[in-house]
Amino acid sequence: MSLILSLLLDALLGEPPSRIHPVVLMGRYLAWAWPRVRGFWSGAFYWGLGAFLFTFPAFLLDLLLRPLAWGWVALGLLLKPLFSLRMLLEEVRAVETALGEDLEEARARLSRIVSRPTRDLSPEEVREAALESLAENLSDSLLAPLLYYTLFGLAGATLYRYANTADAMWGYPQHGPRGTVAARADDLLNLLPSRIAGLLLCPPRLWPQLLKEAPKTPSPNAGFPMAALALKLGVRLRKRGAYALNEEAPSPTRKSTQEALLLAAALGYGVGSLLGLLTLGR
């Protein structure tokens, strides 16, 4: 019940205020710790410290609330900030809307959901990057935290969200050994969710092609949901100088974005509801 409640809260209300948002608090801790990280071992120490500070209280809360008659309500409220689908859909939709009006605005909106430079992207590249972000975050921001909640409770979802946030802040190649633990932990935790997301997004008849396309990205995980969406829509998704998925297909159109948004909403809330039913008695 707690998982289903959290999905309803996401669909109806979106994100809680930033001042009480746990992911914002994780970001503040990581920003505080980063200047103190000197190399691999200090990176491992501060990553582990943060993991403990956020995950252990979540474990205790789960232990305390789960046996209570109305504990599922509190757990649903605590789970909601650890995933997001509505905000993701709104951000991608905003990029598409801006693309029809002002390319500079579309690039600015895109920069909120991707880490790559967006200043000189063409309209086609803007749309492709937005769809890539939609696919990757469908796995990272929804499926993975809900899966870890189903398997390990509130502590599992919290640890995943912390690891994913740490990777987004520390895990860049240019950071070298300082960000290695953050990057590898996120890779490990996303191995299963990314492949599940890819298989769910892509029709079974295209699974052999998915297995050929997914490894084209530098990330060991992101290629699966991104290639799956490209194959499902019959479009090309690419990052300049890095990769091109489903390369022979045409570039996506406005209609492709609309189809992708409907698919992501149906799949996200559908899989989330299924996981909720599997944990109905918990």
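No hydrogens, no waters, no symmetry mates; every other heavy atom, side chains included, goes into these values.
R107 has a carboxylate O that lies under 4.0 Å from a charged side-chain N of E104, or vice versa, which qualifies the two as a salt bridge. Under a 4.0 Å N-O distance rule, the pair K216/E213 qualifies as a salt bridge. A salt bridge links K80 with E15; the closest basic N to acidic carboxylate O contact falls under 4.0 Å. In this structure, R240 pairs ionically with E125, as a charged nitrogen and a carboxylate oxygen lie closer than 4.0 Å.
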- Task: Go through S194 and E136 one step at a time and tell me if the side-chain contact (heavy atoms from CB on, under 4.5 Å) criterion holds.
- Result: CA-CA 8 Å; S194 64; E136 184 177 4; over 6 Å; no
- Pair S139-F224, side-chain contact (heavy atoms from CB on, under 4.5 Å): steps then yes or no: CA-CA 9 Å; S139 175; F224 283 88; over 6 Å; no
- Query: Going through the distances and angles, do I113 and N137 end up as a side-chain contact (heavy atoms from CB on, under 4.5 Å)?
  - Reply: CA-CA 9 Å; I113 57 174; N137 281 290; 5.5 Å; no
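Between atom CZ of residue R184 and atom CG of residue D186 there is a gap of 9.0 Å, rounded to the nearest 0.5 Å. Within the model, atoms CG of L25 and CG of L30 stand 11.0 Å from one another, a figure rounded to the nearest 0.5 Å. Separation of atoms CG (L65) and CH2 (W72) is listed at 13.0 Å; rounding is to 0.5 Å. Between L121 atom CG and K239 atom NZ the span is 10.0 Å, to the nearest 0.5 Å.
Side chain of E128 to backbone of R238: a donor-acceptor contact under 3.5 angstrom is found. Looking only at distances, no side-chain donor or acceptor of R127 sits under 3.5 Å from a matching main-chain atom of P123. The closest donor-acceptor contact from the side chain of W170 to the backbone of W34 lies at 3.5 Å or more, if one exists at all. Distance alone, capped at 3.5 Å, places no donor-acceptor pair between the S133 side chain and the A129 backbone. A donor-acceptor contact shorter than 3.5 Å is absent between the side chain of D10 and the backbone of S84. Counting only distance, with no hydrogens or angles, the side chain of S6 and the backbone of L3 share a donor-acceptor pair below 3.5 Å.
The environment of NZ in K232 is sparse: at most 12 heavy-atom neighbours from other residues, nucleotides or ligands sit within 6.0 Å. Within 6.0 Å of CD on E247 lie no more than 12 heavy atoms contributed by other residues, nucleotides or ligands. Taking a 6.0 Å sphere around OH of Y269, one finds it holds more than 12 heavy atoms contributed by other residues, nucleotides or ligands. Atom CZ of R119 has 12 or fewer heavy atoms from other residues, nucleotides or ligands within 6.0 Å.
Heavy-atom minimum distance, L82 versus P22: CD2-CG, 4.2 Å. When every heavy atom of L89 is checked against every heavy atom of A264, the shortest pair comes out as CD2-CB, 3.9 Å.
For the pair L75/L61, no side-chain contact is recorded, criterion being any heavy-atom separation below 4.5 Å from C-beta on. Residues L9 and L77 form a side-chain contact, since some pair of their non-hydrogen atoms from C-beta on lies under 4.5 Å apart. By the 4.5 Å heavy-atom criterion applied to side chains, L210 and L199 are counted as neighbours. You'll find the side chain of L7 reaches within 4.5 Å of the side chain of L146, heavy atoms only. Between L261 and V92 there is a side-chain heavy-atom pair separated by less than 4.5 Å. The shortest distance between side-chain heavy atoms of L192 and L147 falls below 4.5 Å.
Clustering ILVMFWY residues whenever any of their side-chain heavy atoms sit less than 4.5 angstrom apart, transitively, puts L262 in a cluster other than the one holding L134.
In this structure, W32 and Y29 have tilted ring planes: the angle between them lies in the 30° to 60° band. Between Y148 and Y160, the two ring planes are parallel [angle under 30°; tilted spans 30° to 60°].
Each of E90, E101, E91 was scored for a salt bridge (charged side-chain N to carboxylate O under 4.0 Å, His left out) with R109, with one residue passing: E91. If you run side chain to side chain contact (heavy atoms under 4.5 Å, CB included) between M226 and each of T217, L131, N221, only T217 comes through.
Under 3.5 Å, the side chains of Y149 and S2 contain a donor-acceptor pair of N or O atoms.
Aromatic ring centres of Y162 and W47: separated by under 6.0 Å.
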